[in-house]
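Note sheet for the following structure.
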There are 2 protein chains.
Amino acid sequence: MKYDDIVDFHGHSCPGTAIGFKIGEIVIEKFGKSKDEEIVAIVENNSCSIDAIQFMTGCTFGKGNLIFKDYGKHVYTFIDRKTGESIRISLDKSVQELMEKFKAKREELPEKILEMNPYEIFTIKDVKVKPPKEATIYNSLRCAECKELVAEHRARIKNGKIVCIPCFKK
Amino acid sequence: MKYDDIVDFHGHSCPGTAIGFKIGEIVIEKFGKSKDEEIVAIVENNSCSIDAIQFMTGCTFGKGNLIFKDYGKHVYTFIDRKTGESIRISLDKSVQELMEKFKAKREELPEKILEMNPYEIFTIKDVKVKPPKEATIYNSLRCAECKELVAEHRARIKNGKIVCIPCFKK
């Protein structure tokens with residue numbers, strides 16, 4: 001897995017992609033890449049690091065095994081559905097603190113982070129976390145108002161008719 | 001852009017990745033790939049198609065230019081921040097309806113979808129949509145309880161001290 005591929009996917013290199021790359025290394029070493037939903041990631045921020053994590057670990061937004069908790073924390077938990085093994089990775093130093101440590105500008109930081117031993121910048125703990133349910137495929141219905149498709153579990157009833165949420169809210 | 005690369009990223013080929021691939025083709029032709037946040041995607045579902053869209057269009061979860069509305073609809077809106085040009089793409093036929101149309105099994109559907117002219121399976125409209133604010137980088141603080149990093153905009157106050165949301169909720 002090359003850092004350049006992540007930069008291609010994300011669009012640019014930044015401290016976040018480098019942090020995500022180091023997390024990806026730890027996860028791949030421990031669990032391998034999640035082809036389907038074998039591994040679940042619970043991420044507590046939606047920063048650039050998540051793109052590296054999606055790309056490397058196979059825990060992606062579209063597959064349903066990337067769970068977002070909007071806590072603004074550099075905390076990342078990974079669960080292996082088969083074994084129940086879980087690890088919680090938290091970043092020890094902020095980008096600002098890393099810049100001070102390395103006497104580096106923001107744009108110089110990715111290179112410095114990539115050179116680090118991942119076990120140096122994160123606290124990694126074994127944890128017990130119940131994995132969420134696997135993603136479900138839902139049947140599609142047609143909204144009685146706009147006639148567009150809507151997945152059954154998101155349909156609403158309005159004046160006795162099945163509608164989508166945007167039409168429900170109108 | 002090769003379909004196989006999307007399958008690699010997502011982990012498998014399915015009707016969703018094929019639908020996302022066709023949407024990606026339309027978007028790239030019209031707007032190009034979003035290296036930074038030039039293009040914004042508003043997606044009304046979190047199905048497999050979104051991984052193809054992330055990969056092809058550069059509108060990704062970690063970059064903040066992929067906005068998720070949990071409506072369960074195969075509706076995808078793309079906005080060009082520079083020109084203000086926006087298009088709304090909605091899928092005309094459900095996976096079930098496409099299987100009937102092609103007399104194909106689910107696993108045979110991706111190939112059929114990939115062969116279609118994208119303008120055959122979607123309704124594409126020019127729309128006027130205000131783009132969301134660009135993603136912001138926030139300073140990090142330390143939670144007074146767990147001592148972990150927390151982004152300023154998600155910090156809470158508890159007994160006069162700055163804490164992260166998980167500690168706030170304890």
Side-chain angles (χ1 to χ4, degrees), chain A residues 9-12 14 16-17 20 33-37 43-55 58 60-64 66 68-75 90-97 123 135 137-143 146 148-155 164-166, chain B residues 9-12 14 16-17 20 33-37 43-55 58 60-64 66 68-75 90-97 123 135 137-143 146 148-155 164-166:
Chain A
F9 171 60
H10 182 64
H12 60 255
C14 61
T17 50
K33 186 176 173 177
S34 188
K35 214 172 147 58
D36 203 341
E37 293 180 60
V43 298
E44 301 190 13
N45 70 75
N46 57 351
S47 75
C48 302
S49 63
I50 312 302
D51 279 351
I53 287 166
Q54 289 194 92
F55 193 88
T60 66
F61 183 81
K63 219 155 57 188
L66 179 81
F68 171 45
K69 299 201 170 178
D70 193 6
Y71 295 162
K73 296 188 73 170
H74 271 295
V75 172
S90 68
L91 181 68
D92 293 331
K93 288 194 189 305
S94 69
V95 167
Q96 188 59 42
E97 288 166 342
T123 297
I137 295 174
Y138 296 93
N139 290 326
S140 285
L141 304 169
R142 281 204 185 265
C143 169
C146 70
E148 288 182 341
L149 296 165
V150 55
E152 208 172 58
H153 68 310
R154 290 287 173 265
C164 69
I165 294 173
Chain B
F9 171 60
H10 183 64
H12 60 255
C14 61
T17 49
K33 186 176 172 177
S34 187
K35 213 172 147 59
D36 202 342
E37 294 180 60
V43 298
E44 301 189 14
N45 70 75
N46 57 351
S47 75
C48 302
S49 63
I50 311 302
D51 279 351
I53 286 167
Q54 289 195 92
F55 193 89
T60 67
F61 183 81
K63 219 154 58 187
L66 179 80
F68 171 44
K69 300 202 170 178
D70 193 6
Y71 295 162
K73 296 188 72 169
H74 271 296
V75 171
S90 68
L91 182 69
D92 292 332
K93 287 195 190 305
S94 70
V95 167
Q96 190 57 44
E97 288 166 343
T123 297
I137 295 175
Y138 295 93
N139 290 326
S140 284
L141 303 169
R142 281 206 184 263
C143 169
C146 69
E148 288 182 342
L149 296 165
V150 53
E152 207 172 59
H153 69 308
R154 289 286 173 266
C164 69
I165 294 172

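Numbered from 1 within each chain, the chains take letters A, B, ... in sequence-line order. All values derive from a computational prediction rather than experimental measurement.
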Is it the side chain or the backbone of B:I53 that comes within 4.5 Å of chain A heavy atoms, both, or neither?
neither
Side chain from CB out, backbone as N, CA, C, O: work out which of these in B:K69 comes under 4.5 Å of a heavy atom of chain A, or both, or neither.
neither
Option that, when pairs with chain B are counted at under 4.5 Å, heavy atom only, ranks first among A:I50, A:V75, A:D36, A:T60
A:T60
If you round to the nearest 0.5 Å, how far is CD1 of B:I165 from CD of A:E44?
9.5 Å
Greatest number of non-hydrogen atom pairs under 4.5 angstrom with chain B, of A:P166, A:G16, A:G64, A:S34, falls to A:P166
Is chain B contacted by the side chain of A:N139, its backbone, both, or neither, given a heavy-atom distance below 4.5 Å?
neither
Options A:N46, A:V150, A:N45, A:D70, ranked by heavy-atom pairs under 4.5 Å with chain B, top entry
A:D70
With rounding to the nearest 0.5 Å, note down the distance linking SG in A:C14 to CD1 in B:I137.
7.5 Å
Given heavy-atom pairs under 4.5 angstrom as the criterion, report whether the side chain, backbone, both or neither of B:V95 touches chain A.
neither
Any residue meeting salt bridge (Lys or Arg N to Asp or Glu O under 4.0 Å) with B:K73, in chain and number order, not counting sequence neighbours:
A:E148
For chain A, which candidate among B:A52, B:A151, B:A155 shows the most heavy-atom pairs at distances under 4.5 Å?
B:A151
For each of A:H153, A:Q54, A:Q96, tally heavy-atom pairs with chain B at distances under 4.5 Å, and name the one with the top tally.
A:Q54
Step through it carefully: locate the ring centre of A:F68, locate the ring centre of B:F61, and say whether they are under 6.0 Å apart.
yes
Which pair of heavy atoms, one from B:H10 and one from A:K63, lies closest together, and at what distance?
O-NZ, 2.7 Å
Scored by heavy-atom pairs under 4.5 Å with chain B, the best of A:S140, A:S94, A:S49 is A:S94
What pairs with A:K93 under side chain to side chain contact (heavy atoms under 4.5 Å, CB included), at least two apart in sequence or on another chain?
A:E97, A:L98, A:K101
Please give me the minimum heavy-atom distance between A:L91 and B:L149, naming the atom from each residue.
O-CD1, 3.6 Å
Minimum heavy-atom separation for A:F9 and B:F9, please, with both atom names.
CZ-CZ, 3.5 Å
